[in-house]
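What follows is a single structure, written as structure tokens, with notes after it.
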Amino acid sequence: MDQMIQRPRGTRDFAPDEMEKRRYIESLMRKEAEIFGFREIATPIFEHAELFTIKSGPGILEEMYAFKDKGGRELTLRPELTAPVMRFFVNELTDMPRPLKLYYMGPCFRYERPQSGRFREFYQFGAELIGAKNPESDAEIISLASSIMKKIGLRDYKVRIGHIGILRDILRKEGVEGENASLILQKLDKKMYDEARVVMEEKGMSEASIKEIIGITKISGQQSVLKELQSFKGEAKEYLSQVMEILEILGIENLLVDLGVVRGLDYYTGVVFEIEVPSLGAEKQVCGGGSYSLAELFGGEKVFSTGFAIGFDRTLIALEKQKIEIPKKRVDVYVIPLTEELRGKAFEITARLRSNEISTDVDLMRRSLQKNLKYAASIGVRYAIILGEREMEKNIVLLRDMDTGEQVPIAITELTEWLAHARGIAPEAAGGDTKKRLGGKLSRPSDAS
RNA sequence: GCCGGGAUGGGGUAGUCUGGUAUCCUGUGGGACUGUGGAUCCCUAGACCCGAGUUCAAAUCUCGGUCCCGGCCCCA
């Protein structure tokens, strides 16, 4: 016991109940992405560290699981998925028809201090739409992200949409670009207006522009707030209006224009958005995205893209807080032989049911009937099949409905067919009247999955 | 990197202040029970996060570490 090996800090094990829930939510996300015409891709768990330092600077090495392999290569476990996807695109997918609509799901790793909704190994679900730069593409991406949230049953989420170009344009007019602009945007993102003001003054910006910028970042509300931007009539404003219009036509809910959404990253070029669940507290952001231009950083031509990444674990926490119901998976049948001699018969029946896609468990502990029934109940099986010598002489078994306790004899030859009906599986060998024959004898659960 | 709260069988807990044989619930395995109580009763196994120190004696006190929870910093 003392020598038990602990799981590394910030990682998790997932028990069957939890995996069932995770896979279920994941499948809803995938399904939605595919309904939108996105196709799945996967990239390696580790990459050259350079892939990420190019984009974010050498400072992030501190926050990555970076290591040298036996060939002396500087590698790292991937801290996110946008860069790998763009590398993949530049390397091998540039000749695919545009726009490319890709989605992905997988583990990422960051060497950070774990806290609520924050782990060292965490999962991201994301999508990228590559090769288009127009309002409808941004709307498509935002639409997918919010549709996923809706589909999985999340309530109380807000989609905050901004446009980083509006702020960048004003800064550019004042001659502030690159690093300096990023510094200011970072402060604004955290709503540290006083500090942002100090920096802007240092960079020699006019009082009017400073006031305007701070004013703009505070603008948030329905689409109509865009009208408040009267003094500013840039392309960006028009672009954002169009995005909002399309989203409205698409019927997307919980939208909020919020020009304070900044995302302090250099490569974001236009529309940026976040989805947050306020009840989550400090780690309330469950999704972030926007349009960007990264391909040229990895040696490709300049290609505009737009995408998002959902923090899968946080999203799950949000769903758990609102006590969402996940359909429970059940094993259909548990086969119990009453004597040693019947064990072979039990496996025979088990194999036949399994080959007909009826999920079947069989006694592997040589337990008594009572213990077996108890076990069957505790694992939540739907039907128990009891094999006894008396019935076997007549080639029948006892079929027990574990929910109701009802028990009926049934011919072995009819077992598969009957269960297939009860489960809602279309039986191969038609025989549709079997259902009619036996239908009244056992109540059939309505939640057949 | 910083601040706070924690860690006792698989899960949940009592005991810790005030040092002395570790409590209860639940779950696991088995039995009563050899063909039908998913009930009941019984039995078995199973823990003081790790290391050092103080002490006749440490789950308990001291120090160091690990991990968990929450909050900062950060969040590509």
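Predicted model only: the values in this text are computed from it and were never measured. Residue numbering restarts at 1 for every chain, and letters A, B, ... go by the order of the sequence lines.
- Shown are F273(A), Y268(A), Y239(A); of these, the ring-ring contact (aromatic ring centres under 6.0 Å, His included) with H163(A) is made only by Y239(A).
- Ring to ring, Y65(A) and Y111(A) are close: their centroids are under 6.0 angstrom apart.
- Across all strands shown, G311(A) has no heavy atoms under 4.0 Å from either base or sugar-phosphate atoms.
- Distance noted for atom C1' between G4(B) and C73(B): 16 Å (whole Å).
- Between G29(B) and R367(A), a contact under 4.0 Å exists linking OP1 or OP2 to a side-chain N or O.
- Ion pairing of K21(A) with E320(A) is present here, as a side-chain N (NZ or NE/NH1/NH2) and a carboxylate O approach within less than 4.0 Å.
- Heavy-atom distances to RNA chain B give each of R314(A) and F119(A) a nearest nucleotide, and the one nearer the 5′ end belongs to F119(A).
- Considering CG of L342(A) and CE of M392(A), their distance stands at 5.0 Å, rounded to 0.5 Å.
- Counting only N and O atoms by type, the side chains of N372(A) and Y334(A) include a donor and acceptor under 3.5 Å apart.
- Taking the C1' atoms as reference points, G10(B) lies 11 Å from A47(B), given to the whole Å.
- Between C72(B) and G11(B), the two P atoms lie 30 Å apart (nearest whole Å).
- Rounding to the nearest 0.5 angstrom, the gap separating the CG atom in L247(A) from the CD atom in E140(A) is 10.0 Å.
- Considering only the side chain of R113(A), G71(B) comes nearest among A76(B), G35(B), G71(B).
- Closest-nucleotide positions on RNA chain B for R7(A) and A377(A) were compared, and the one nearer the 5' end corresponds to A377(A).
- Atom CE in M365(A) sits roughly 14 Å away from atom C1' in G31(B) (whole-Å rounding).
- Across the P atoms, C68(B) and C25(B) are found 32 Å apart, a figure rounded to whole Å.
- Taking atom CG of L185(A) as the reference point, atom P of A76(B) lies 13 Å away to the nearest angstrom.
- Nucleotides A57(B) and G19(B) place their C1' atoms 8 Å apart, quoted to the nearest Å.
- Residue-to-nucleotide contacts include no donor-acceptor pair under 3.5 Å from the side chain of Q370(A) to the base of G31(B).
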Pairing of RNA chain B as dot-bracket, 5' to 3': ( ) intra-strand, [ ] crossing, | other strand, . unpaired, with Watson-Crick or G-U pairs under 3.5 Å? (((((((..(((.......[...)))..((((.......)))).....(((((..]....))))))))))))....
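- For Y103(A) and E34(A), the side-chain atoms include at least one donor-acceptor pair closer than 3.5 Å.
- Distance from the side chain of E112(A) is smallest to C74(B) among U36(B), C74(B), G35(B).
- Atom CG in L77(A) sits roughly 15 Å away from atom C1' in A76(B) (whole-Å rounding).
- As rounded to the nearest Å, C61(B) and G5(B) have P atoms that lie 14 Å from one another.
- A salt bridge does not link D138(A) with K133(A): every distance from a Lys NZ or Arg NE/NH1/NH2 to an Asp or Glu carboxylate oxygen is 4.0 Å or more.
- For E80(A) and C75(B), the CD to P distance is 13 Å, given to the nearest whole Å.
- Regarding K371(A), its NZ atom lies at a distance of 11 Å from the P atom of G27(B), rounded to whole Å.
- Across all strands, E340(A) comes closer than 4.0 Å to no nucleic acid atom at all (heavy-atom distances).
- The interatomic distance linking E63(A) (CD) with G1(B) (P) rounds to 12 Å, in whole Å.
- In this structure, the CE atom of M64(A) is 14 Å from the P atom of C75(B), given to the nearest Å.
- Atom CD in Q285(A) sits about 13 Å away from atom C1' in C74(B), given to the nearest Å.
- One side chain, E128(A) or Y104(A), offers a donor N or O that lies under 3.5 Å from an acceptor on the other.
- Distance from the side chain of M402(A) is smallest to G38(B) among A76(B), G38(B), C75(B).
- Between C41(B) and G46(B), the two P atoms lie 24 Å apart (nearest whole Å).
- Comparing U36(B), G71(B), C73(B) against the side chain of R118(A) picks out C73(B) as the nearest.
- The phosphate of C68(B) (OP1 or OP2) has a side-chain N or O of R9(A) nearer than 4.0 angstrom.
- Between C72(B), G35(B), A76(B), one nucleotide has an atom nearer to the side chain of E389(A) than all others, and that is G35(B).
- The gap from the P atom of C49(B) to that of C56(B) amounts to 25 Å, rounded to the nearest Å.
- Phosphate proximity of C33(B) to S368(A): absent, as no side-chain N or O sits under 4.0 Å from OP1 or OP2.
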